[in-house]
Amino acid sequence: MWGGRFAEGPAAVMREINASIGFDKRLWRQDIAASKVHVAMLAAQGIVDQADADAIEEGLDRIADDYEADGVPEDASLEDIHMHVEARLAELIGPAAGRLHTARSRNDQVATDFRLWVRDAIDEAGAGIAALQRALVSRAAEHAGTVMPGFTHLQAAQPVTLGHHLMAYYEMLRRDRSRFADARARLNESPLGSAALAGTGFPVDREATALALGFDRPTANSLDAVSDRDFALDYLMSATQCALHLSRLAEELILWASQPFGFVQLSDAWSTGSSIMPQKRNPDAAELTRGHSGRILGAMASLCVTMKGLPLAYSKDMQDDKQPVFDAHDLLGLCLAAMTGMIESAAFQSERMRALAAAGHATATDLADWLVREAGVPFREAHHITGRAVKLADKAGVALWELTIDQLRSVDERIGPAVFDVLSPDASVKSRTSYGGTAPARVRERIAAARKELGISG
Ligand code: ARG
């Protein structure tokens, strides 16, 4: 394609290091779509004959049909997907194929194709996240009143509800969707017509090609347009943040499925056995989701490093933009689907959660708050009194709320029998009615709002 000034062909290793067809063949649909739009514009602007443009469009359609049926045949000497399509077009329609590359370069071509691909990847991520959100909301609705221990420092802190805990992940995923949506809005400008770096002297209509490809407008600076990969980085950063959330959820499932916790049993479909220990049910998919998040973050870091030292405009380093994005996309899709399956089918062990919510004096703060509210004790003093009550309970080997009123009164006379209304885990969660708090009534309100956000009726 560019051999006019060369006397010799490339060295074998040159060919190998230069070739991207092995991975950029995934851009074939976008490449053909953008080429069709480009040639239609060239004809409309009188830059190529209508007859040639028709032949090119028909040829491109045939290539698309063949690729759809048989995949993209790879030829390393043709470097990348753009040259594969063009070479095949020449075989099909002859010299007219050479007119397709008028007023464009592979630089604006690849920037356009890749934006289109990433735009679809963003839409897929959004749908995958929404599916997981639906699973979380539906399980949260079942467990809006299921009491479990809430942790800080992984130490039992205060009772919460499982519904509230699951909805915490709903909120994280809501931010992830919004990040992907922001990335999409920024991405949606068309580089096509920026040509190699400087624009073109042909009377192209960039507005028309932009709109035909579903972009909002053409990009405003040709140098920026061919060398900008912010859209890929935005995608990878959004994917990374989402993967970190999935990893935290995976970690919880792994902990919860362990025997000392016993909060959840994963379904058979989402567990694996051990070849040596017959009793085992391992949460491999959760572990792999936790592990894959590292690879997604790695993909993001890799493209950051690729881009950081590049002067304007295009450099071949940028050919390395695709694999990290493809990898992150494939891994994120798998992780989202796996987490959705696991959450949908998990058997949460409500009795076990309730038992542990009652252990560890998790309602100590409720006693302190009660002293402040009902007896006018300053919080710091109430904290101290409660500490003494905890000590007494430990000594007696009972939970705080299992102390008798006389025992409690021996710690501080101001404690009255009404304190038992807040000391049980159920009473404790019920009392946390502040906006965003764990009270079942609050959690149900948030679930109703989430259903609206997700477009679920009822
Ligand atoms: N395969 C190349 C890439 O992905 C296409 C652009 C090549 N441009 C060039 N000037 N050699 O980056």
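Here, residue 1 is the first one in the sequence, and each next residue gets the next number. Note that ligands are numbered from 1 as they come in the structure, with each ligand's atoms numbered from 1 the same way. The structure presented is a predicted model; accordingly, all values stated were derived computationally and were not measured.
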Counting each atom of ligand 1 from 1 as listed, which ones have a heavy atom of [X] under 4.0 Å away?
{"X": "Q319", "answer": "1 (N), 2 (C), 3 (C), 4 (O), 12 (O)"}
{"X": "S20", "answer": "1 (N)"}
{"X": "N107", "answer": "6 (C), 7 (C), 8 (N), 9 (C), 10 (N)"}

Handout entry: Cation over ring face, R26 and F326, 6.0 Å, 45°
Key = yes

Problem - R106, K322, M83: member with heavy atom nearest to atom 11 (N) of ligand 1 - result: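 When every heavy atom of R106, K322, M83 is considered, R106 comes closest to atom 11 (N) of ligand 1.
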
Does the side chain of [X] come under 3.5 Å of the side chain of [Y] through a donor N or O and an acceptor N or O?
{"X": "T365", "Y": "Q158", "value": "yes"}
{"X": "Q50", "Y": "D54", "value": "yes"}
{"X": "Y170", "Y": "E453", "value": "yes"}

Practice task
Report the residue from D52, V204, T200, L42 that forms a side chain to side chain contact (heavy atoms under 4.5 Å, CB included) with T102.
Solution key: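 Exactly one pass, corresponding to L42.
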
Practice task
Measure the distances from the heavy atoms of Q109 to every atom of ligand 1 and state whether one is below 4.0 angstrom.
Solution key: no

Exercise for the section: Return the residue, atom name and 0.1 Å-rounded distance of the protein heavy atom closest to atom 12 (O) of ligand 1. Expected result: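 Closest protein heavy atom to atom 12 (O) of ligand 1: Y314 OH, 2.3 Å.
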
Problem - D176 bridged to R179 by N-O distance under 4.0 Å - result: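 A salt bridge links D176 with R179.
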
Exercise for the section: Please indicate whether any nitrogen or oxygen in D80 is less than 3.5 Å from any nitrogen or oxygen in ligand 1. Expected result: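 Yes: some nitrogen or oxygen of D80 is under 3.5 Å from one in ligand 1.
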
Exercise for the section: Output yes when the distance from some N or O of ligand 1 to some N or O of H82 is under 3.5 Å, and no in every other case. Expected result: no

